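Notes follow once the structure below has been shown.
Given the structure is predicted, the values throughout are model-derived calculations rather than measurements. Lettering of chains follows the sequences in order, A, B, ..., and the numbering in each one begins at 1.
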There are 2 protein chains.
Amino acid sequence: MDNYTSVDNVRARLIIAGLTELEQHGAADFSLRRVAKEAGVSCAAPYRHFKDKDDLVRAVIEYVLEGWTLLSGQLVTIFASDIRALISELSVAGLRFWIANGNFRTVIMASGTLGSGERGALSSFDAPIKQAVDRYAAEGQIVDSELLSFKILSMLYGAIILVDGGYEATEHAAERLREAIASEIL
Amino acid sequence: MDNYTSVDNVRARLIIAGLTELEQHGAADFSLRRVAKEAGVSCAAPYRHFKDKDDLVRAVIEYVLEGWTLLSGQLVTIFASDIRALISELSVAGLRFWIANGNFRTVIMASGTLGSGERGALSSFDAPIKQAVDRYAAEGQIVDSELLSFKILSMLYGAIILVDGGYEATEHAAERLREAIASEIL
DNA sequence: GTAGTATGTTAACGATGTTAACTTGCTTTT
DNA sequence: AAAAGCAAGTTAACATCGTTAACATACTAC
């Protein structure tokens, strides 16, 4: 019989408990003990599955990023025939993704919080976009691929901060981002 | 005789102690007790000057931002006759400012950490740039001022994240930012 | 069956943010 | 000048936190 359902049951529960903890209390007030209680285990149990608190948080982020990998993969498929649309849609979707996953960006973008893994997380996020830009450049368009990547990625991350800071509403920023990118890859 | 030197001596000491604390331990490990000890007072003394820990951190950030206000003010004066150069120099200086003040951007850009004041801090940072762009638009250039502000500010903030995340070296990013902005306001 | 390992428990430690109760010294009022 | 009031420091205590150590228990392998 398969034992897949019971494999690492507690670990999985800890991760999704950590996810709601992150959503509700943010990165600053993230309490490992609360997560353990929420998962129905003792306060020391997490240490059987994770090195320390940051390790759990890292796992939660990894879990969340799987959603992005899935989503971006679908976009790549859908817009396979129109690279410019792909770049645009990936960026706007990326913006919405970060805004929807409110507190995660705080953790990922704050360098101190996670050891040296944060670029790993970030790069696994912007890889699809960078890849699409490279493909755009490779398809004969005369562009400085590196500069274009920088422009688009920085605008994307910057838009997140602007929205987060209350400078603009999400949808407004999404539209602006779409415009800005369109003007770059016309 | 002037009693300026002794006015709020402890409060001032707490702020600069908080500043070095933020530099050395980051926002996540910021310890109020350590700050108090560093300032030579008891662990409860800060509560005579600040509502709570976050209030102290806010004060530290305000203090740091005074440096930017000063710097940006000088740039505005220096490049008064060349708005395009002003926009460019303000942006690059802004990037360098955040990178130099490593741990502060973590605090300011993480929404959860500071109550609702974070946009206040951010807006007092990007106000000079927004202002310069508006002036650029007002001087007869046919541009969508709002869109241009969005582009430049988002690229600026995004560049900070990219540098912070290890995507690019500071000077490299500064050069790219300069290029990107130049291509927008030619 | 017995040894070993994986995974849970409870109990404890030190550090932290915060508050309450108190002292102390200066300023103002009478 | 004496008293009242207040600003600003102290110490002591509390709950919570991350983390570790010591112990228990069940599954797995030889």
(message) Below 4.0 Å from chain B heavy atoms, what is the first contacting nucleotide of DNA chain C and what is the last?
(response) C/dT16 to C/dA21

(request) Consider the side chain of A/Asp52, meaning its heavy atoms from C-beta on, and name the nucleotide among D/dT20, D/dT19, D/dT11 that approaches it most closely. (result) D/dT19

(request) Return the 5'-most residue of the pair A/Arg48, A/Leu32 with respect to DNA chain D, ranking by each residue's nearest nucleotide. (result) A/Leu32

(message) Which residue in the set B/Leu90, B/Asp126, B/Val92, B/Leu95 passes side-chain contact (heavy atoms from CB on, under 4.5 Å) when paired with B/Leu156?
(response) B/Leu95

(request) Select base, sugar-phosphate, or nothing to describe what A/Ser31 touches, counting heavy atoms under 4.0 Å on all strands. (result) sugar-phosphate

(message) Quick check for you: to the nearest 0.5 Å, what is the distance between B/His49 atom NE2 and B/Leu56 atom CG?
(response) 10.0 Å

(request) Would you mind telling me which residue lines up with the more 5' stretch of DNA chain C, A/Arg33 or A/His49, judged by nearest nucleotide? (result) A/His49

(message) I'd like to know whether CD of A/Glu23 has more than 12 heavy-atom contacts from other residues, nucleotides or ligands below 6.0 angstrom.
(response) yes

(message) Rounded to whole Å, how long is the line connecting atom NZ of B/Lys53 with atom C1' of D/dT16?
(response) 13 Å

(request) Please tell me if the side chains of B/Val133 and B/Gln131 come closer than 4.5 Å, counting only heavy atoms from C-beta onward. (result) no

(message) Please tell me if A/Arg34 has a side-chain N or O lying less than 4.0 Å from either OP1 or OP2 of D/dC17.
(response) yes

(message) Measure NE2/B/His25 against P/D/dG18 and give the value in whole Å, please.
(response) 18 Å

(message) Can you measure A/Lys37 atom NZ to D/dG18 atom C1' for me and round it to whole angstrom units?
(response) 15 Å

(message) Taking any heavy-atom pair under 4.0 Å as a contact, classify B/Phe30: base, sugar-phosphate, or nothing.
(response) sugar-phosphate

(request) Flag yes if more than 12 heavy atoms outside A/Arg34 fall under 6.0 Å of its CZ atom; otherwise flag no. (result) yes

(request) May I ask you to check whether A/Trp98 and A/Phe125 place their ring centers less than 6.0 Å from one another? (result) yes

